[in-house]
Number of protein chains: 2
Amino acid sequence: MSSESDDDPVFKALAHRRRREILDLLKEGPRTTGMLCETFADMDRCTVMQHLKVLEEADLVMAKKEGRERWNHLNSLPIKHIYDRWISAYAGHALSIIDRLKSDLEGQ
Amino acid sequence: MSSESDDDPVFKALAHRRRREILDLLKEGPRTTGMLCETFADMDRCTVMQHLKVLEEADLVMAKKEGRERWNHLNSLPIKHIYDRWISAYAGHALSIIDRLKSDLEGQ
DNA sequence: TTGACATGTTATGTTTTTATAACATAATGC
DNA sequence: GCATTATGTTATAAAAACATAACATGTCAA
């Protein structure tokens, strides 16, 4: 039922600042594509849509079409997933890292 | 003292599966560059070093030179940092997302 | 139905990443 | 010293990401 971790598209999607900004906005609530283009007026409309597509393929954004508008919803589950399966293992590690580096790197 | 969040290189560094694999290995303990190349024998040595450079620029790997060997240490603090400043905000959001999507997307 | 509006698709140029090769340095052991 | 080993540097080809333009579809409202 499970398989190779398929969180690559999520990490890839998060790698671009603009896409994280889109997610930050969608966290406040759904937005239409047009609203997003208005907010990010310095980006071409096509660029916004391309970023949306990347986010959608990573399952971070889910779209609901309503008439001629398209409402983009945030789905934060993939982020929670990579946290649970990957990032959390590093949070604990970080606690001891300063002491360890002090002895490893300076205690020469 | 603070400024624009400079976690872009961290997200970018995490975006490649190979680099995450390197971090996973370094989580077990420091490794020399040569040991890493042995472990990832299917990658060219130069490729491994290039990935190490990206990780180092993101401050995720710290190197300590010892004789003619170079020991690569994991630094997990940047990961903790992006968790604290960005990812954690989505973990809570994920809790309600299923219900919300059910009503938003299906309750048409 | 027709014109305006919101969105979608395809193609293309540009830049960045990724991977490798060839060459260079630098420390170790004989 | 000299060969070997470990790592570093520079150059370059291939692939992917990014941004935009031009064109296409589909919906609403008068």
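Here the structure is a predicted model, which means the values were calculated and not measured. Sequence lines set the chain letters: A, B, ... in the order given, protein chains first and strands last, and positions in each chain run from 1.
- Going from atom CD of A:E21 over to atom C1' of D:dC18 covers 15 Å, rounded to whole Å.
- With rounding to whole Å, A:F40 atom CZ is found 15 Å from D:dC18 atom P.
- Residues meeting the side chain to side chain donor-acceptor pair (under 3.5 Å) test with B:E57, sequence neighbours left out: none.
- Listed by first and then second residue, the side-chain hydrogen bond (donor to acceptor under 3.5 Å, both in side chains) pairs involving residues 34-46 of chain B are B:R18-B:D42 (not counting sequence neighbours).
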Are any protein N/O atoms closer than 3.5 Å to N/O atoms in nucleotides 2-5 of chain D? If there are, list each pair with its distance.
from	atom 1	to	atom 2	distance (Å)
D:dT5	O2	B:R68	NH1	2.7

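- Going from atom CZ of B:R19 over to atom C1' of C:dT16 covers 12 Å, rounded to whole Å.
- If you check residues 44-59 of chain A against DNA chain D, the residues with a heavy atom closer than 4.0 Å are A:D44, A:C46, A:T47, A:Q50, A:H51, listed by number.
- The pair A:D84-A:K80 counts as a salt bridge, with a side-chain nitrogen and a carboxylate oxygen less than 4.0 angstrom apart.
- Partners of B:H16 by side chain to side chain donor-acceptor pair (under 3.5 Å), not counting sequence neighbours: none found.
- What you find for A:L74 and A:K27 is that their closest heavy atoms are CD2-CA, 3.6 Å.
- Distance B:L36 CG to D:dA6 C1': 13 Å, rounded to the nearest Å.
- Side-chain contact of B:N75 with A:Y90: a donor-acceptor pair under 3.5 Å is absent, judged by distance alone.
- One atom, NZ of A:K65, and another, C1' of D:dG26, lie 6 Å apart when rounded to the nearest Å.
- The side chain of B:R70 places no N or O atom within less than 4.0 Å of a non-bridging phosphate oxygen (OP1 or OP2) of D:dA6.
- Atom-to-atom, NE2 of B:H16 to P of C:dT16 comes out at 18 Å; the value is rounded to the nearest Å.
- Rounded to whole Å, the distance from CD on A:E69 to C1' on C:dA6 is 7 Å.
- Its side chain within the 4.5 Å cluster rule, A:W71 clusters with A:M35 among the Ile, Leu, Val, Met, Phe, Trp and Tyr residues.
- Under the 4.5 Å side-chain heavy-atom criterion for ILVMFWY residues, no single connected hydrophobic cluster contains both B:L23 and B:M49.
- Comparing A:G67 and A:R18, the nucleotide of DNA chain D nearest to each residue sits closer to the 5' end for A:R18.
- Atom CG in A:D8 sits about 13 Å away from atom P in D:dA16, given to the nearest Å.
- Under the 4.5 Å side-chain criterion, counting only non-hydrogen atoms from C-beta, A:I82 is in contact with A:L14.
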